[in-house]
2 protein chains.
Amino acid sequence: MRDELTHAVEDYLKTIYDLSLTHGRASTTQIAEVLEIAPASVTGMIKRLSTTRPPLVEYIKHRGVILTPEGERVALEIIRHHRLLELFLYETLGYSWDKVDAEADRLEHVISEEFEARIAEALGDPTHDPHGDPIPDKNLLMPSHAKLSLREMRPDQCGTIQRVRDNDPDLLRYLSEQGIVPQAHFIVTGYTPFDNNITILVDGQPKAVVLGPRITRQIFVEQENG
Amino acid sequence: MRDELTHAVEDYLKTIYDLSLTHGRASTTQIAEVLEIAPASVTGMIKRLSTTRPPLVEYIKHRGVILTPEGERVALEIIRHHRLLELFLYETLGYSWDKVDAEADRLEHVISEEFEARIAEALGDPTHDPHGDPIPDKNLLMPSHAKLSLREMRPDQCGTIQRVRDNDPDLLRYLSEQGIVPQAHFIVTGYTPFDNNITILVDGQPKAVVLGPRITRQIFVEQENG
DNA sequence: GACAAAATTTAGGCTAGCCTAAATAAGGAT
DNA sequence: ATCCTTATTTAGGCTAGCCTAAATTTTGTC
């Protein structure tokens, strides 16, 4: 395998992969926002990524980028590192789930294939990290995962939390205080149109929680027929 | 604690610390050799390190450098990271002792204080890494360690290996094949002047091994009265 | 104490990645 | 279709860290 990609390049590819999933194509501004750098810097990097051999992204001026197969391979490799590390930190070292992301963000770029293989084995080839994010397998294939967001659910429907797609430590801590963590079972008790707030009652929790759409959009669930 | 030192700076400080132990003062050329970069590059970096606030090294033109207290603090912090990581990789992840150094060299710069604290605790606040190198404690104090090198020993003397101060994987693999690892008990069976070769027989090994001074100088032992 | 060899520093250059300010292109509203 | 806003790119600049080649200092030897 060729390597020798810089951390910065790996971060760009990971970001583009992520944005492509929800937006199809990653725009300069979106990438700049995620990476917290100036849009002009993104343009420069994107040009480089699209002219390497093999190219890592396909770039159309003023139209944003998508990953090439090679770019996607690299992105998935980093995502596998990241999510395996998150689970390792959580399971083996006892990190709280709101702190694993920041640590994994730095470690993901420096661990060797041997490190990856050893923690994967120690964890029993896991398919999901502590946030419920799917972990690509050795061949970089994504396991199946819930695609229904909590935002689509309505009163009286129930299900289990599968995935919380956000890395803000404060939000994660807040959610876990409310019992909103993967595998938690809940019932929707309220929905208000216009602001799209959703109220849910989590099993074992004293009271229901109202969540706005910015949050519920990031929470994926398995619905139950109830 | 101030941080935000680059990986390169940390590598320089670690190298200078190491060289200072054996040579008192680290010369431009020595640093360049260890880091495998051009001497001119070292001069440039040293100037920077000596003019930061607070300065990390004390630099006298044409005379080399020594660490300031602050520089030493940073070096010891990195060395603590490195050696804790080596032991962690060895004990917890099952790495062979010849591979831990390379992995730790990259990880040492990116782990957080929390990571450091958690692996230290998981390992029971260890004092020595798999090569027998002493691990600075939380307050960066070095535990005591063997200072007698195998090179000084003579026939009929015996003792135990305490420390193998070399990171060349091939050498380490060779030595462990001969049973020369920390805690191994041995007796010196031969010494030849002029070339300073030393022959030792390790307990449980079928035959004696002849080691040149470049190797024996790096092996530290605890002598026994025998 | 002079001189050659070795060590070190200076000078000038390069790449990766970031920045700001200014120019240009795209897209939506009228 | 034009105007205005927003997105994007261009141009020029900066720092960290490396490089080579040339100049200089130190050191060891006679």
Side-chain angles (χ1 to χ4, degrees), chain A residues 2-16 19-20 22-53 55-66 71 74-75 78 105-106 108-110, chain B residues 2-16 19-20 22-53 55-66 71 74-75 78 105-106 108-110:
Chain A
R2 77 196 70 48
D3 254 42
E4 320 323 322
L5 296 175
T6 64
H7 300 183
V9 167
E10 292 177 347
D11 278 337
Y12 273 90
L13 296 175
K14 192 174 66 151
T15 301
I16 294 165
L19 290 169
S20 301
T22 39
H23 301 81
R25 201 171 254 278
S27 76
T28 303
T29 317
Q30 288 172 329
I31 297 169
E33 269 166 15
V34 174
L35 295 177
E36 300 187 284
I37 58 181
S41 307
V42 174
T43 302
M45 176 63 97
I46 277 175
K47 280 187 180 170
R48 267 182 49 212
L49 298 181
S50 64
T51 52
T52 55
R53 304 191 59 76
L56 296 164
V57 304
E58 185 190 296
Y59 168 48
I60 305 177
K61 248 189 198 179
H62 297 280
R63 287 269 130 81
V65 293
I66 51 175
V74 175
I78 298 298
D105 263 342
R106 295 191 311 274
E108 64 188 7
H109 304 295
V110 303
Chain B
R2 77 198 68 51
D3 255 40
E4 320 322 323
L5 296 175
T6 63
H7 299 185
V9 167
E10 293 177 346
D11 278 337
Y12 273 90
L13 295 175
K14 192 174 64 150
T15 302
I16 294 166
L19 289 170
S20 302
T22 41
H23 302 81
R25 203 171 252 281
S27 76
T28 304
T29 318
Q30 287 172 331
I31 297 169
E33 270 166 14
V34 174
L35 295 177
E36 300 187 283
I37 59 181
S41 307
V42 174
T43 302
M45 176 63 96
I46 277 175
K47 281 187 179 170
R48 267 181 50 212
L49 298 181
S50 64
T51 53
T52 55
R53 302 191 63 74
L56 297 164
V57 303
E58 185 190 294
Y59 169 48
I60 305 177
K61 248 190 197 177
H62 297 279
R63 287 269 130 80
V65 293
I66 52 175
V74 175
I78 298 297
D105 263 342
R106 296 190 310 275
E108 64 188 8
H109 304 294
V110 304

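Lettering of chains follows the sequences in order, A, B, ..., and the numbering in each one begins at 1.
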Quick one: is [X] getting a side-chain N or O under 4.0 Å of the [N] phosphate, OP1 or OP2?
{"X": "A:Arg63", "N": "C:dG27", "answer": "yes"}
{"X": "B:Lys61", "N": "C:dT10", "answer": "yes"}
{"X": "A:Tyr12", "N": "C:dA16", "answer": "no"}
{"X": "B:Ser27", "N": "C:dA7", "answer": "no"}

When all nucleic acid strands are considered with a 4.0 Å heavy-atom cut-off, which category describes [X]: base, sugar-phosphate, or nothing?
{"X": "B:Ala8", "value": "sugar-phosphate"}
{"X": "A:Thr43", "value": "base"}
{"X": "B:Ser41", "value": "base"}
{"X": "A:Ala38", "value": "base"}

Rounded to whole Å, please give me the gap between [atom1] in [X] and [atom2] in [N].
{"X": "B:Ile37", "N": "D:dA16", "atom1": "CD1", "atom2": "C1'", "value": "12 Å"}
{"X": "A:His109", "N": "C:dA16", "atom1": "NE2", "atom2": "C1'", "value": "15 Å"}
{"X": "B:Glu33", "N": "C:dA6", "atom1": "CD", "atom2": "C1'", "value": "12 Å"}
{"X": "A:Leu35", "N": "C:dG17", "atom1": "CG", "atom2": "P", "value": "12 Å"}
{"X": "A:Leu5", "N": "C:dA16", "atom1": "CG", "atom2": "P", "value": "12 Å"}
{"X": "A:Ile31", "N": "D:dA7", "atom1": "CD1", "atom2": "C1'", "value": "13 Å"}
{"X": "A:Tyr59", "N": "D:dT9", "atom1": "OH", "atom2": "P", "value": "3 Å"}
{"X": "B:Gln30", "N": "C:dA6", "atom1": "CD", "atom2": "C1'", "value": "14 Å"}

Item to complete: List in chain and number order the residues that pass side-chain hydrogen bond (donor to acceptor under 3.5 Å, both in side chains) with A:Arg106, two or more places apart in sequence or in another chain; answer none if no residue qualifies.
Response: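 Applying side-chain hydrogen bond (donor to acceptor under 3.5 Å, both in side chains) to A:Arg106 gives A:Glu103.
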Response to the item:
Shortest non-hydrogen pair, B:Tyr12 vs B:Ser41, comes out as OH-O, 3.8 Å
Hey, does [Y] have a side-chain heavy atom less than 4.5 Å from the side chain of [X]?
{"X": "B:Lys14", "Y": "B:Leu35", "result": "no"}
{"X": "A:Arg25", "Y": "A:Glu58", "result": "yes"}
{"X": "B:Ile31", "Y": "B:Ile37", "result": "no"}

Worksheet item: Relative to the 5' end of DNA chain C, which residue comes earlier, B:Lys47 or A:His7, by the nucleotide with the nearest heavy atom?
Response: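 Residue closer to the 5' terminus by nearest nucleotide: B:Lys47.
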Worksheet item: 5'-most contact on DNA chain C: A:Arg48 or A:His62, nearest heavy atom basis?
Response: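 Its nearest nucleotide being more 5', the pick is A:Arg48.
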Worksheet item: A:Thr6 has a side chain; which of C:dG17, D:dT9, D:dA21 sits nearest to it?
Response: C:dG17
